[in-house]
Every structure is written in C-alpha cells, then in structure tokens.
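Positions are given from 1, in the same order as the sequence printed here.
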Amino acid sequence: MYKYFPHTEEDIRLMLERIGVKSLDDLYSEVPEQIRFKGDYDIPEAKSEIEVRRFFEDLCKKNNILTCFAGAGVYDHYTPAIIPYIIERSEYLTSYTPYQAEISQGTLHYIFEYQSMMAELTGMDISNASMYDGTTATAEAVLMAKAATKKTDTVLVSETIDPKTLDVINTYAHFHGVKIETIRQKNGVTDKADMEEKLAKGGVAGVVVQQPNYYGIIEDYDDVAEKCHEKKALFIINSIAADLALLKTPGELGADIAVGEGQSLGIPMSFGGPYIGYMCCTEKLMRKMPGRIVGETRDNRGQRVFVLTLQAREQHIRRQKATSNICSNESLMALFVTVYMAVMGKEGLKEAASLSYSGAHYLCDRLIKTGKFELSYDQPFFNEFCVKYNGNVDSLQEKLKENGILGGIKVSDNDIMFAVTENRSKEEIDNMVNIVEELTKAI
C-alpha cells in the first residue's frame with residue numbers, strides 16, 4: 001500500500017496506539033470537513049525512465065540560452081571541467097558542515113583550505129565558511145558592526161552599492177534595531193564629504209561601500225578607513241571576489257570586514273543559484289563573526305587534524321543572543337570555489353580578471369564609436385560600465401534578445417549597464433556591436 005514509506009502497517013499501528021489514536025483518520029479528526037480535500041490528486045501516470053528523460057529534455061528546450069553581456073552581481077565566468085567532476089562525487093555532495101566533525105576530516109580540510117584562500121584573496125586575517133550569498137553576507141556585516149561597537153545603532157551605506165544588497169540590509173536592520181543612513185553619490189561615486197559629515201554626528205557603528213561599485217566604477221577608498229576609525233566606526237567593503245585578483249584588497253584598504261559574492265569564482269549562473277557569500281575580517285573581530293570557522297590542530301598522536309572552532313558564539317548556546325542564526329554553510333559551494341582557485345592558481349585568477357577588464361573596455365570603446373552611446377560617468381571601471389543610449393533602451397534590448405544576446409541591464413530610461421567576462425570572445429563583442437549599428441541605421 002505504501003511501498004515507498006519507511007513505516008510498515010505494524011509500525012503505524014504501534015505509533016497510533018502509543019498516542020491513543022485508533023486510526024489515521026482519527027488523527028486528523030479535528031480538521032473541519034469543509035476544508036478537507038476529497039477529490040483525486042492531479043498526479044500523472046507512471047512513466048518509464050526513457051519517458052521521464054524525454055519529458056525533461058523537452059522542458060529544457062524551452063529555455064532560451066543567451067550570450068550574456070549582463071552582470072550587476074552575477075557573471076558568466078569560465079568553469080574548469082574538472083570542478084563538476086569532483087564536487088558531484090557522493091562524499092562531497094552536501095551543503096552542510098558536519099556535526100560529527102572529528103569523523104569528517106576530508107570536509108573540514110577543504111573548508112580550512114577555502115578559508116585560507118579567501119583570507120589571502122581579501123588580504124584579511126580570518127575567513128569564515130561561509131555565507132549564503134553576497135547580499136546576506138553584507139547584511140550580517142552590518143549586524144557585526146553594531147555588535148562590535150558600543151552605544152552605536154547607525155550604519156552608513158553608500159548609494160553606489162547594489163540596490164538588491166541595500167534592500168537586504170534594510171530588511172535585516174529593521175528587525176535588529178539598526179538605523180540605516182545612505183551616503184549620497186556624486187558622479188557615480190561615494191560622496192566623501194557627505195560621509196564625513198554623517199560620521200561627525202557620532203553614533204555610527206560602520207560604513208559600507210562597494211568596490212567596484214554597482215555601476216562598475218573603481219572607487220578611491222584609500223583614506224576612508226582612517227576617517228571611519230577616527231570616529232570608532234568599522235569600515236566594511238563589499239566586492240565581487242574575482243575582481244580582487246587585480247584590485248587593491250580590502251585588507252590593503254584598511255577594511256575591518258570584507259564581504260561579497262563568490263559566484264564569480266567559476267560558479268555557473270544557474271538561473272540564480274546556489275551561490276556563496278564570503279566574509280573575512282580582522283582577528284580582533286573574529287568572535288563576532290557568524291557562520292563556522294574550521295581550525296587546524298594536532299591529535300594525541302601528533303597528526304595534523306581539523307576541528308570546528310569558536311562555536312560558543314553561535315546559537316548552540318546563545319540562541320536569540322547570538323550574533324547570527326546562520327549556522328550551516330554552503331559547503332558544496334565552498335568546495336567549488338576552493339577547487340576553482342586551486343586549479344586556476346594566482347596567475348590564472350589574474351589572467352581571467354585581465355581578460356574581463358580588457359573585454360569591457362574594448363566593448364565600451366566600440367559602443368561609443370557608434371555615436372549612439374556615451375559613458376554615464378567619467379570614472380575608471382573594471383569589467384562593467386554604464387552608458388547612456390541615444391534611443392529606446394527597451395527596443396535595443398529586445399532586438400539583441402532576438403539575436404540571442406542578453407544585452408546588459410537597464411539602469412534607467414536612458415542608461416544601460418554592460419558586463420564582460422573572460423567567457424566573451426572578441427567575435428561575440430563585435431557581433432553585438434554590429435547588431436546595434438544595424439539597429440541604429442534602421443531608425
């Protein structure tokens with residue numbers, strides 16, 4: 001009767017008997033008759049394996065896979081073929097940190113390597129493992145700032161960060177008694193005068209900026225940490241992980257907390273996830289950090305082993321007083337980016353970032369030469385940039401879509417943001433520009 005249920009009829013009878021109920025119907029007797037479903041379930045007939053495969057193949061054909069020139073936090077990066085082969089092995093296929101840590105040395109080992117690599121990539125002392133995505137990692141950093149500073153309840157957030165990240169920050173802040181004030185932007189970058197004015201009022205726990213910012217602009221943050229620390233505020237930098245292969249690291253900029261999205265480290269876009277948020281900080285703040293930290297030690301035979309460490313700060317003990325309720329990590333994604341960084345190496349990461357940078361500047365130059373575009377902001381950019389289009393942005397994007405191209409992200413009525421990664425060839429860039437030129441000639 002219940003061929004896939006784990007309980008036999010005898011099991012069910014004994015459980016019902018223990019709780020003093022005669023039948024399953026009696027168990028649900030308190031559910032009103034008028035809301036009970038009495039029809040037949042809309043479940044299709046059983047299918048053979050071939051039929052199931054054919055069904056999903058037909059479903060897959062409905063997807064329209066486009067050549068991607070869009071970014072805004074998620075990017076079409078190259079994935080070395082070895083990564084799926086490794087992470088799909090059965091012993092790795094989990095998203096959780098093991099609770100029986102002492103018997104899971106392999107999992108703890110690669111998490112330890114992930115932490116070591118992320119700490120080096122960001123130039124920070126400590127990395128956790130890990131966060132769900134870059135937006136929640138940034139929101140958690142805001143809560144960290146409030147918890148780490150005394151008699152402060154305000155966090156300043158630059159208007160040049162990704163709007164999606166700001167939305168998540170506001171949601172977290174609303175339920176944790178944190179006041180969020182935005183720092184104005186000026187010509188596409190953080191208005192430092194406005195930041196200093198707000199810092200001077202006091203009561204600021206932290207300042208959140210993004211590098212490169214939402215518009216792809218590389219901002220100058222060389223003196224921001226000093227200004228924050230003068231007012232006892234923490235400096236928090238959100239970055240796309242892959243960009244740090246070429247840019248100054250948060251550590252070099254004096255950040256207290258470095259957070260961001262790790263999807264750029266080879267993780268496919270996958271229609272929205274799963275991704276991985278990273279969080280790194282100074283040693284001084286590590287006891288305020290949410291998530292898990294894997295440490296290295298020696299066992300009673302002197303052998304190198306790995307353990308979960310500094311767990312007392314989490315909800316195992318503190319519950320509602322915990323810094324955060326994030327206790328699991330994206331372990332599979334942590335393994336993914338660990339293998340990616342190991343395979344690519346330092347030079348490979350730099351080369352991929354350089355190709356992305358060069359491709360974006362090539363595309364920008366070609367678009368401007370059409371006479372239909374101009375840079376929205378006269379600022380240095382990395383692999384993403386905003387341009388004003390002298391035409392209808394919606395029509396342009398629809399025309400590109402008809403030609404198999406995801407043509408950027410509409411930022412405003414006249415502004416469109418394009419992104420380029422190492423996956424985009426010169427031929428693909430030229431093809432998109434040619435389509436744009438044909439469209440503009442037809443108008």
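Judged by distance alone, the side chains of Asp25 and Ser23 never bring a donor and an acceptor atom under 3.5 Å apart. Using modelled atom types and a 3.5 Å distance limit, the side chains of Ser29 and Asp26 yield no donor-acceptor pair. Between the side chains of Thr152 and Thr149, a donor-acceptor pair is found at a separation under 3.5 Å. Side-chain contact annotation: Asn238 with Thr138, donor-acceptor N/O pair under 3.5 Å present. A side-chain donor from one of Tyr75 and Glu384 sits under 3.5 Å from a side-chain acceptor of the other. For the residue pair Glu219/Thr190, the side-chain donor-acceptor check at 3.5 Å is satisfied. Side-chain contact of Glu398 with Ser395: a donor-acceptor pair under 3.5 Å is absent, judged by distance alone. A donor-acceptor contact under 3.5 angstrom links the side chains of Ser356 and Glu422, judged on distance only. Checking Gln185 against Tyr215 by side-chain atom types alone, a donor-acceptor pair falls below 3.5 Å.
In this structure a side-chain-to-backbone donor-acceptor pair under 3.5 Å is missing from Asp153 to Val178. For the pair Tyr221 (side chain) and Gln211 (backbone), a donor-acceptor distance under 3.5 Å is absent. Judged by distance alone, the side chain of Asp11 and the main-chain N or O of Thr8 form a donor-acceptor pair under 3.5 Å. For Ser270 (side chain) and Gly272 (main-chain N/O), no donor-acceptor pair under 3.5 Å exists by modelled atom type. Listed for the Ser358 side chain is no donor-acceptor partner under 3.5 Å among the backbone atoms of Leu355. Counting only distance, with no hydrogens or angles, the side chain of Thr79 and the backbone of Gly266 share a donor-acceptor pair below 3.5 Å. Without hydrogens or angle criteria, Asn392 side chain to Asp394 main chain gives a donor-acceptor distance under 3.5 Å. The main-chain N or O of Gly134 is found under 3.5 Å from a side-chain atom of Glu261 such that the two form a donor-acceptor pair. The backbone N or O of Glu427 lies less than 3.5 Å from no partner atom in the side chain of Asn431, so there is not a single donor-acceptor pair.
Aromatic ring orientation, His109 versus Phe306: parallel (interplanar angle below 30°, classes split at 30° and 60°).
Remark: Glu57 does not engage Lys61 in a salt bridge, criterion side-chain N to carboxylate O under 4.0 Å. Salt-bridge check for Asp299 with Arg304: failed, with every basic side-chain N at 4.0 Å or more from each acidic carboxylate O. Contact check on Lys410 versus Asp415 returns no salt bridge, with no Lys/Arg side-chain nitrogen under 4.0 Å from an Asp/Glu carboxylate oxygen. Electrostatic pairing of Arg13 and Glu17 counts as a salt bridge here, judged by a charged N lying under 4.0 Å from a carboxylate O. Between Asp58 and Arg54 there is no salt bridge, since no side-chain N of the basic residue sits under 4.0 Å from a carboxylate O of the acidic one. Using a 4.0 Å cut-off between charged side-chain N and carboxylate O, Lys38 and Glu33 make a salt bridge. Ion pair Glu252/Lys248 not flagged as a salt bridge, since none of the NZ, NE, NH1 or NH2 atoms sits closer than 4.0 Å to an Asp/Glu carboxylate oxygen.
Counting heavy atoms from C-beta outward, Lys426 and Tyr362 have side chains that approach closer than 4.5 Å. Proximity of Thr421 to Tyr78: side-chain heavy atoms (C-beta onward) are nowhere separated by under 4.5 Å. Residues Val387 and Tyr389 form no side-chain contact, since every pair of their non-hydrogen atoms from C-beta on lies 4.5 Å or further apart. Between Phe381 and Ile218, the closest side-chain pair of non-hydrogen atoms is not below 4.5 Å. You'll find the side chain of Ser127 reaches within 4.5 Å of the side chain of Tyr114, heavy atoms only. For the pair Thr249/Leu121, no side-chain contact is recorded, criterion being any heavy-atom separation below 4.5 Å from C-beta on. Looking only at side-chain heavy atoms (C-beta outward), Val209 and Val157 stay at 4.5 Å or farther from each other. In this structure the side chain of Ile236 never reaches within 4.5 angstrom of the side chain of Asp256, judged on heavy atoms.
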Exercise. Determine, stepwise, if the pair Tyr92 / Ser331 fulfils side chain to side chain donor-acceptor pair (under 3.5 Å).
Key: CA-CA 9 Å; Tyr92 289 134; Ser331 180; over 6 Å; no
Quiz item: Does the side-chain contact (heavy atoms from CB on, under 4.5 Å) test come out yes or no for Leu363 and Val433, once each step is laid out?
Solution: CA-CA 8 Å; Leu363 172 59; Val433 177; 3.8 Å; yes
Quiz prompt | Verdict with supporting geometry, Val337 and Tyr278, side-chain contact (heavy atoms from CB on, under 4.5 Å) | solution = CA-CA 11 Å; Val337 301; Tyr278 69 86; over 6 Å; no
Quiz prompt | From CA spacing to verdict: side-chain contact (heavy atoms from CB on, under 4.5 Å), Leu246, Lys350 | solution = CA-CA 6 Å; Leu246 287 184; Lys350 290 178 182 178; 4.2 Å; yes
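When every heavy atom of Leu66 is checked against every heavy atom of Leu406, the shortest pair comes out as CB-N, 3.7 Å. Contact detail for Ala352 and Met344: the closest heavy-atom pair is CB-CE, 4.1 Å. Scanning both residues, Gln397 and Gly407, for their nearest heavy atoms gives NE2-O, 3.1 Å.
Dense packing is recorded around CD of Glu428, with more than 12 heavy atoms of other residues, nucleotides or ligands lying under 6.0 Å away.
Here the straight-line distance linking atom CZ of Arg424 with atom NE2 of His77 works out to 10.5 Å at 0.5 Å rounding.
Taking the ring centroids of Phe385 and His361, they lie at or beyond the 6.0 Å cut-off. Taking the ring centroids of Phe69 and Phe418, they lie at or beyond the 6.0 Å cut-off.
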